[in-house]
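In what follows, a single structure is set out as structure tokens and then discussed.
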Amino acid sequence: MFALVDCNNFYASCERVFRPELRGKPIVVLSNNDGCVIARSNEAKKFGIPMGAAAYQYEKTFTDNNINVFSSNYALYGDMSARVMDLLATMAPEIEVYSIDEAFLKFEGCDFINLQDYGEMIVKVVTKSTGIPISVGIANTKALSKVANKVAKKFPDKTHSSYFIDTDEKRIKALKWLPVEDVWGIGGRHAKRLKALGIKTAYDFTQLPDHWVRKNMSVVGLRLKHELEGKPRLDMEIAKAKQNIATTRSFDKNYTEYDQLRERITTFSVTCAEKLRRQKSCCNALLIFLHTNGFRSDLPQYSRNIVMKLPFPTNSSIEIAKFAREGLSLIFKKGYQYKKAGVIVMDITPEDTNQISMFENTNPKHRLLMDVMDRLNSAIGQKKVKLASQALDRTWKMKQERLSPRYTTRLSEIITIHV
DNA sequence: TCTGGGGTCCTAGGGCGA
DNA sequence: TCTGTCGCCCTAGGACCC
């Protein structure tokens with residue numbers, strides 16, 4: 001049996017933990033640069049603010065309805081997530097952390113447990129210990145546990161926020177209730193096509209012939225169909241090293257100069273290299289991209305990317321930044337206003353199994369240097385040690401006008417209680 | 001004026017060597 | 001030497017997730 005544990009309106013709930021007066025009040029959380037709405041509390045959803053809405057188009061809705069608006073605070077969300085996951089890990093034989101706010105639990109050989117009661121217990125313990133409300137869905141496949149979770153979330157009073165699909169009647173009832181576009185694995189494109197064919201619910205989807213699903217939705221769609229029929233096709237996945245690591249940003253304003261882009265690309269490269277060293281990997285290729293603001297139809301548009309194959313695997317900030325700048329010089333075109341750029345490191349291999357090349361190799365001195373840089377930066381707590389090609393006085397900034405304190409990860413921002 | 005960031009997997013189609 | 005076929009590898013693009 002699988003249980004899917006999902007934190008309710010996670011980012012909004014995190015903001016509430018340290019601001020209890022916000023309970024029952026509408027909250028939205030914005031993306032980086034305060035651009036889009038990326039999380040809404042239930043109260044905020046009632047005002048018709050869609051996911052991904054452009055924040056500036058809803059300013060009036062926010063003020064008219066006293067909606068509490070926050071910039072995203074990943075230090076806080078990451079730490080709260082770790083607390084929830086650590087706790088969940090103590091409550092099941094196996095856990096797969098699926099995202100910042102979701103985890104699958106697997107109960108095998110636990111037939112003696114009443115899983116409905118156990119799910120309710122998990123809800124109580126996590127909510128009480130962390131302040132984060134959660135919902136639990138339980139079923140014999142992962143996709144059905146997702147469905148069960150939707151039921152638990154929609155009917156918290158009836159289900160006590162935990163729902164167990166343990167009979168075929170319950171499975172069919174839940175599938176007939178769930179709109180096809182809300183099924184895990186069916187995105188916008190497929191939902192549109194299915195609806196045009198009169199497929200409205202998850203149940204309708206399971207009534208399609210296998211060969212049609214295979215032909216039109218690939219093996220992924222067919223696997224999903226079987227999962228919804230109660231035939232397990234997905235198992236727990238073990239965490240493995242990432243295959244790609246990306247650092248990409250939109251800019252607060254448009255950049256036109258090569259030097260500005262060069263500085264940004266260098267900094268993104270350094271961040272990627274740090275992430276690589278943290279997971280003890282090297283990369284063998286880089287992708288560098290830049291593009292103008294696609295929303296501004298009045299401006300000339302340009303967008304390009306380039307893949308740089310590296311002559312040797314490396315995780316040195318200096319080397320990765322050097323190759324990235326080389327790539328940038330090949331794709332940069334003057335006369336455009338750039339809004340976004342990024343670096344993605346690819347073809348990742350473990351640090352300790354690198355092949356020595358006959359002609360060109362990573363500079364062995366860099367390893368020691370990087371080690372010192374990482375340790376200095378970690379001791380200082382901010383990224384003070386930089387490459388000279390990065391801006392020494394950060395001239396760029398993310399728009400974060402409504403950022404809450406990092407209550408749990410910075411002593412200077414810890415919660416204060418006035419008595 | 002102002003529209004996020006970071007991932008995964010699958011398939012089609014072309015290049016290329018056997 | 002030319003041509004056809006097969007399978008492998010690579011890439012771009014599409015679809016999905018949070």
N/O (side chain, R296(A)) to phosphate O (OP1/OP2, dT1(B)) under 4.0 Å: no
Sugar-phosphate only, base, or nothing, as touched by V29(A) at under 4.0 Å among non-hydrogen atoms: nothing
dC17(C) phosphate, OP1 or OP2, under 4.0 Å from R189(A) side-chain N/O: no
Touch class at under 4.0 angstrom, heavy-atom based, for D101(A) against every strand present: sugar-phosphate
Sugar-phosphate, base or nothing in reach of G342(A), heavy atoms under 4.0 Å: nothing
Touch class at under 4.0 angstrom, heavy-atom based, for I245(A) against every strand present: sugar-phosphate
A246(A) vs C36(A), nearer the 5' end of DNA chain B by closest nucleotide: C36(A)
Touch class at under 4.0 angstrom, heavy-atom based, for E59(A) against every strand present: nothing
Side-chain N,O (K340(A)) to OP1/OP2 (dT3(B)) below 4.0 Å: no
Presence of T248(A) side-chain N/O under 4.0 Å of dG4(B) phosphate oxygens OP1/OP2: no
Presence of salt bridge, E351(A) and R278(A), under 4.0 angstrom: no
T247(A) vs dG5(B): side-chain N/O to OP1/OP2 distance below 4.0 Å: no
Contact under 4.0 Å: H190(A) side-chain N or O vs dC16(C) OP1/OP2: yes
Audit row: E227(A), R233(A), salt bridge (charged side-chain N to carboxylate O under 4.0 Å, His left out) steps and yes/no: CA-CA 6 Å; E227(A) 281 258 318; R233(A) 294 289 183 271; over 6 Å; no
Sugar-phosphate, base or nothing in reach of K309(A), heavy atoms under 4.0 Å: sugar-phosphate
Side-chain N,O (K146(A)) to OP1/OP2 (dC18(C)) below 4.0 Å: yes
Distance test, side-chain N/O of N244(A) to OP1/OP2 of dT8(B), below 4.0 Å: yes
Sugar-phosphate, base or nothing in reach of R223(A), heavy atoms under 4.0 Å: sugar-phosphate
Sugar-phosphate only, base, or nothing, as touched by I186(A) at under 4.0 Å among non-hydrogen atoms: sugar-phosphate
Sugar-phosphate only, base, or nothing, as touched by V307(A) at under 4.0 Å among non-hydrogen atoms: nothing
